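The shown structure was predicted, so the numbers you read here are calculated from the model rather than taken from an experiment. When a ligand or atom number is given, it counts from 1 through the structure's own listing order. Atom set for the values below is all heavy atoms of this structure, side chains included, hydrogens, waters and symmetry mates excluded.
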Amino acid sequence: MAFIMEKENRQNNNLPKTHPRYESLLYRHKIIEGMKNLVVAEAGLIAHGRGECLDYILGEKTNITAEKAIKAAVAMLLLAKKPVISVNGNVAALVPNEIVKLSKMINAPLEINLFYKKKGRVEAIKKLLENAGAHGIRGIYEDKMVEIEGLDSNRRLVESICYSDVILVPLEDGDRTEALKKLNKQVIAVDLNPLSRTSLCADITIVDNIVRTLPEMIKIVGELKKFSENELKKIIENFDNKKNIKNTLDLIINYIEKQKEDAFEILGT
Ligand code: ATP
Ligand code: MG
């Protein structure tokens, strides 16, 4: 009967799977759940909303420019001597299983790094990641950490990031990206905003939603693991981050133009 929803449709806080924006609603719920469990900061909800808005004008898909950046990023991570993955609350809430899987595949520790500290938050994120199979998570004990010079936010406290050569920074703050670059680290960003300070100063900028990027990275690691060092170096050499960001901005402009035409047709103007 039309009025009776299937049982599985009623799960996930009554989110009907048939809803045209089911995926987007599902991730909203993960973020809200994360906030209730202390994993996500209140401001994390707003950051997610900013991300959604940008995802909208990117067509809510992994574009060709993101694909290119993902391939270069995976090559860089596989060539790294000491890669690290920085994790914040939103990342842990949205993709705990995928971030743990990637960390194991490329042999890079996960390091919790937060802008907003609150009693019990680090422990809540640690628990969530451990439930997803993580071991040896960094960024838990302050006595093991050092401060990044020239950075005043809580994000200045780092552990293995300090000794790393390549850092994957999903949903990062621009201040810290700039500080990490000053320390000559190679930075790979995942950020839906191609114009953020993080995006503009990272070595490789993946303009895409973390929920799509991670499964894609995991797939590409499987493919590139068979490549020689020289082949991986070639992939990086052939990648131009500045050009790729410019191409991403053109993609957005073209997408909006197309949306405008479609809207005009509906509006009859
Ligand atoms: P910056 O500090 O780099 O200039 P900002 O201050 O505008 O950026 P922050 O809150 O510091 O933004 O960082 C959060 C970034 O994460 C934003 O650019 C936002 O678009 C992006 N973001 C939010 N959700 C996602 C997501 N699911 N996937 C990828 N990026 C996301
Ligand atoms: Mg910021």
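- Considering backbone and side-chain N/O atoms, Ile210 comes within less than 3.5 Å of an N/O atom of ligand 1.
- Of all protein heavy atoms, the one lying nearest to atom 22 (N) of ligand 1 is Leu171 CG, 3.9 Å.
- Of all N, O or S atoms in Asp173, the one lying closest to the Mg ion (ligand 2) is OD1.
- Counting the atoms of ligand 1 from 1 in the order shown, those under 4.0 Å from a heavy atom of Asp208 are 28 (N), 29 (C).
- Nearest-residue assignment for atom 6 (O) of ligand 1 (options Arg50, Arg155, Glu178, His48; heavy-atom criterion): Arg50.
- The closest approach between Val211 and ligand 1 stays at or above 4.0 Å for every heavy atom of the residue.
- One finds a salt bridge joining Lys258 and Asp262 here, because a Lys/Arg side-chain nitrogen approaches an Asp/Glu carboxylate oxygen to under 4.0 Å.
- Closest to atom 27 (N) of ligand 1 among all protein heavy atoms lies Asn209 OD1, 2.9 Å.
- Distances below 4.0 Å separate heavy atoms of Gly174 from the following atoms of ligand 1: 1 (P), 2 (O), 3 (O).
- The salt bridge (Lys or Arg N to Asp or Glu O under 4.0 Å) with Arg28 is formed by just one residue from the set Glu52, Glu33, Glu23; it is Glu52.
- Those atoms of ligand 1 with a heavy atom of Leu54 less than 4.0 angstrom away are 20 (O).
- Salt bridge Glu237/Lys233: absent, no basic N to carboxylate O contact under 4.0 Å.
- Between Arg212 and Glu98 no salt bridge is recorded (no basic side-chain N to carboxylate O distance below 4.0 Å).
- A distance of 9.5 Å separates NZ of Lys182 from CG of Leu151, quoted to the nearest 0.5 Å.
- Nearest to atom 3 (O) of ligand 1 among the protein's heavy atoms is Thr198 OG1, 2.6 Å.
- Closest approach of Leu232 and Phe227 over heavy atoms only: CD2-CB, 3.8 Å.
- Nearest non-hydrogen protein atom to atom 23 (C) of ligand 1 is Ala47 O, 3.2 Å.
- Checking each of Arg156, Arg197, Lys181 against Asp175 for a salt bridge (Lys or Arg N to Asp or Glu O under 4.0 Å) leaves exactly one that passes, namely Arg197.
- Here the protein heavy atom with the shortest distance to atom 30 (N) of ligand 1 is Leu192 N, 3.2 Å.
- Regarding atom 8 (O) of ligand 1, its nearest protein heavy-atom neighbour is Ser196 CB, 3.7 Å.
- Considering only non-hydrogen protein atoms, atom 17 (C) of ligand 1 sits nearest to Asp191 OD1, 3.7 Å.
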Legend entry - Residues Asn247, Thr65; criterion side-chain hydrogen bond (donor to acceptor under 3.5 Å, both in side chains); working and verdict: CA-CA 7 Å; Asn247 289 343; Thr65 51; over 6 Å; no

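- Protein heavy atom in closest approach to atom 11 (O) of ligand 1: Asp173 OD1, 3.1 Å.
- Cation-pi check for Lys260 over Phe264 is met; the charged atom lies under 6.0 angstrom from the ring centroid and within 45 degrees of its normal.
- With a 4.0 Å cut-off on non-hydrogen atoms, Glu172 touches ligand 1 through its backbone and not its side chain.
- Salt-bridge annotation for Lys71 and Glu223: absent, with no side-chain N of the basic residue lying under 4.0 Å from a carboxylate O of the acidic one.
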